[in-house]
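Every heavy atom of this structure was used, including side-chain atoms; hydrogens, water molecules and symmetry mates were not. Start at 1 and go down the list; that is how both ligands and their atoms are numbered.
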Amino acid sequence: MIAGTPGVLLVLDGWGHAEPGEANAIAAAATPWLDHLLETCPTVLADASGTAVGLLPGTVGNSEIGHMVIGAGRPVPYDSVLVQEEISSGRLGSNEALTPVLARLAATGRSLHLIGLCSDGMIHADVHHLQELLRVAARFSVPAVHIHAVTDGRDVANGTAAAFLGLVESYAAEAGLGGVATVVGRGYALDKSGDLRLTEQAALAVMYGKGEAVTEVQEALELNQRGDEWMPPSVVTDAAGRPVGVVEEGDAVLFTNFRSDRIQQLADHLHEHLAPRGVTFLSLAQYDTRASIPPLVHRSDAGGGLAARLAAHGVRSVRIAEAEKFEHVTYYLNGRDPSPVPVEEHVKISGEAAPDYKVRPEMNIDKVAEAVNAAARRDDVPLVVANLANIDVVGHTGHYEATRQATEHTDRAVESICRAARAAGRWVLLVGDHGNAEKMLIAADGGTPRPYGGHTTHPVPAVLVPADGQEVRRPAGPATLADIAPSVLSLLGIDPAPRMTGRPLW
Ligand SMILES: O=C(O)[C@H](O)COP(=O)(O)O
Ligand SMILES: [Mn+2]
Ligand SMILES: [Mn+2]
């Protein structure tokens, strides 16, 4: 058993803090329980973005790094930072995974295909990385570079795809090499729900030039009826109507997302079909694909955190989340370590599929709360860890009203969990992993505000609801997500892990 008090760690995904205002769906929601907690419980605002969590300065937070840092108890250099360092240091031009492939393409007259999200959302990719890759390819005299552009509209405001595709074309012009071969929305190319019908549509455009034939990128944008995220697969064709850049034997494919979770489904699909045909594969950063794809940049070690400490002390934890965030409370919280841990139980909540989250803002939160409360009633589980996904997942729709409702469903679930935890003699620690729904509008270049479903650099609330009779001190700021694991361990009566740089807040 433990020397301290058992508890519940509850991540409210996308729960950022900002002053009330027209963009703040969280403040607009009726959340009597959360309001009561914020007023009466020891609360601090924690930094969940930029260098505080291992991201580039000024970069919005995201679920992966948020849960990795919550688990590690220290900032972890994120893949975007490692890629930027490879570029800023000049090492990209002599990268040992990239340069032999470029030299072979130049020697054999074959093409390079760059596939990735084209925006500066900095969650999955940075379009500026394309610029650097084109420059290096030009230096190696690669004969042709075909860009398979994935449009965003989710990490950045909808309606920005035209500008980003224009930027991509300017990079190619500047490098004197490259051109857009296909354009497809991330809803198809970056599906991670396992819906291979979506993946296949993006893959067919890249592999066989199947899609809306257009003579130039602008035409593809005009075809777009459903927003940047759902741009139908479009294929740029030459004067004879032939696709300008399908993947052929001997070519090389380089995926330019630095985050794995949404591009790996497409990467595995393309690898399965094209590797047997002698196509070489690379990825900008390390991916969790089934296929072994050499990365240009290896990921940093995020281990030695909460999971390792709990295992070392034989402390059982139950991890609970809906499918959308299940990897976050298991794999990412454990420092991207997939190995099974005997003292962990993982509960993935699945239920009615929400084809469109804005029409079902409650998702399956009731089932998540039921599972948390059942685990909280067990006396062999000192720690329950759960993620309530609604505020972020519905926030990504950019739909203000649905997000306000998602926040209200979250409030009711938190009340149910707090009541069950109190009855079980447990504390509850609530924390956001990054901001999202507190900013549902963005004024692009000072213009009129438009819907925004992306993340923010705002701080997140960290609230401790003590168990009955539990004495806790008021937290001393400033705080970051790195303080969460040391706080959880301290509440359980366990010393922080040696590599943790955060410190107990309560
Ligand atoms: O992949 C997504 O849904 C968003 O681009 C990032 O959201 P997440 O970091 O919360 O997963
Ligand atoms: Mn998140
Ligand atoms: Mn998100």
Does the side chain of D392 pick up a donor-acceptor pair with the side chain of H455 at under 3.5 Å? yes
Please work out whether the ring planes of H346 and F326 are parallel, tilted or perpendicular, with thresholds of 30° and 60°. perpendicular
Only N/O/S atoms count here: what is the atom of D433 closest to the Mn ion (ligand 2) called? OD2
Ligand 1 to R154, heavy atom cutoff 4.0 Å, flagged ligand atoms 2 (C), 3 (O), 4 (C)
At what distance is the nearest protein heavy atom to atom 4 (C) of ligand 1, and which residue and atom is it? D155 OD1, 3.4 Å
Exercise: do Y357 and E362 side chains pair donor with acceptor under 3.5 Å: no
Counting each atom of ligand 1 from 1 as listed, which ones have a heavy atom of N62 under 4.0 Å away? 9 (O)
Is the distance from the Mn ion (ligand 2) to the nearest N/O/S atom of S63 under 2.8 Å? yes
Considering only protein heavy atoms, which is closest to atom 1 (O) of ligand 1, and at what distance to one decimal place? R262 NE, 2.6 Å
Looking at the Mn ion (ligand 2), which N/O/S atom of D13 is the nearest one? OD1
Nearest-neighbour protein heavy atom for atom 11 (O) of ligand 1, which is reported as residue plus atom name and distance: R259 NH2, 2.8 Å
Greater than 12 external heavy atoms within 6.0 Å of K358's NZ: no
Could you tell me which atoms of ligand 1, counted from 1 in the order shown, lie closer than 4.0 angstrom to a heavy atom of R186? 1 (O), 2 (C), 4 (C), 5 (O)
Positive for side-chain hydrogen bond (donor to acceptor under 3.5 Å, both in side chains) with H458, one of E19, E438, H17: E438
Any side-chain donor near an acceptor of the partner, R412 and T410, under 3.5 Å: no
Angle, NE2 of H396 through the Mn ion (ligand 3) to OD1 of D392 - 10° precision: 90°
For R259, is there an ion pair with D288 - N to carboxylate O distance below 4.0 angstrom? no
Numbering the atoms of ligand 1 from 1, which are under 4.0 Å from a heavy atom of S63? 8 (P), 9 (O), 10 (O), 11 (O)
Any side-chain heavy atom of L388 within less than 4.5 Å of one from V414? yes
Are any N, O or S atoms from H328 nearer to the Mn ion (ligand 2) than 2.8 Å? no
Within ligand 1, which atoms have a heavy atom of K325 less than 4.0 Å away? 8 (P), 10 (O), 11 (O)
Going by the atom numbers of ligand 1, which of them fall below 4.0 Å from some non-hydrogen atom of D392? 10 (O)
Just to check, does H434 reach to within less than 4.0 Å of ligand 1 when the distance is taken from its heavy atoms? yes
For residues L505 and S487, report the shortest heavy-atom separation together with the two atoms involved. N-OG, 2.9 Å
Nearest heavy atoms of G7 and R426, plus distance in Å: O-NH1, 3.1 Å
Element-labelled atoms of ligand 1 that are located less than 4.0 Å from some non-hydrogen atom of I123: 5 (O), 6 (C)
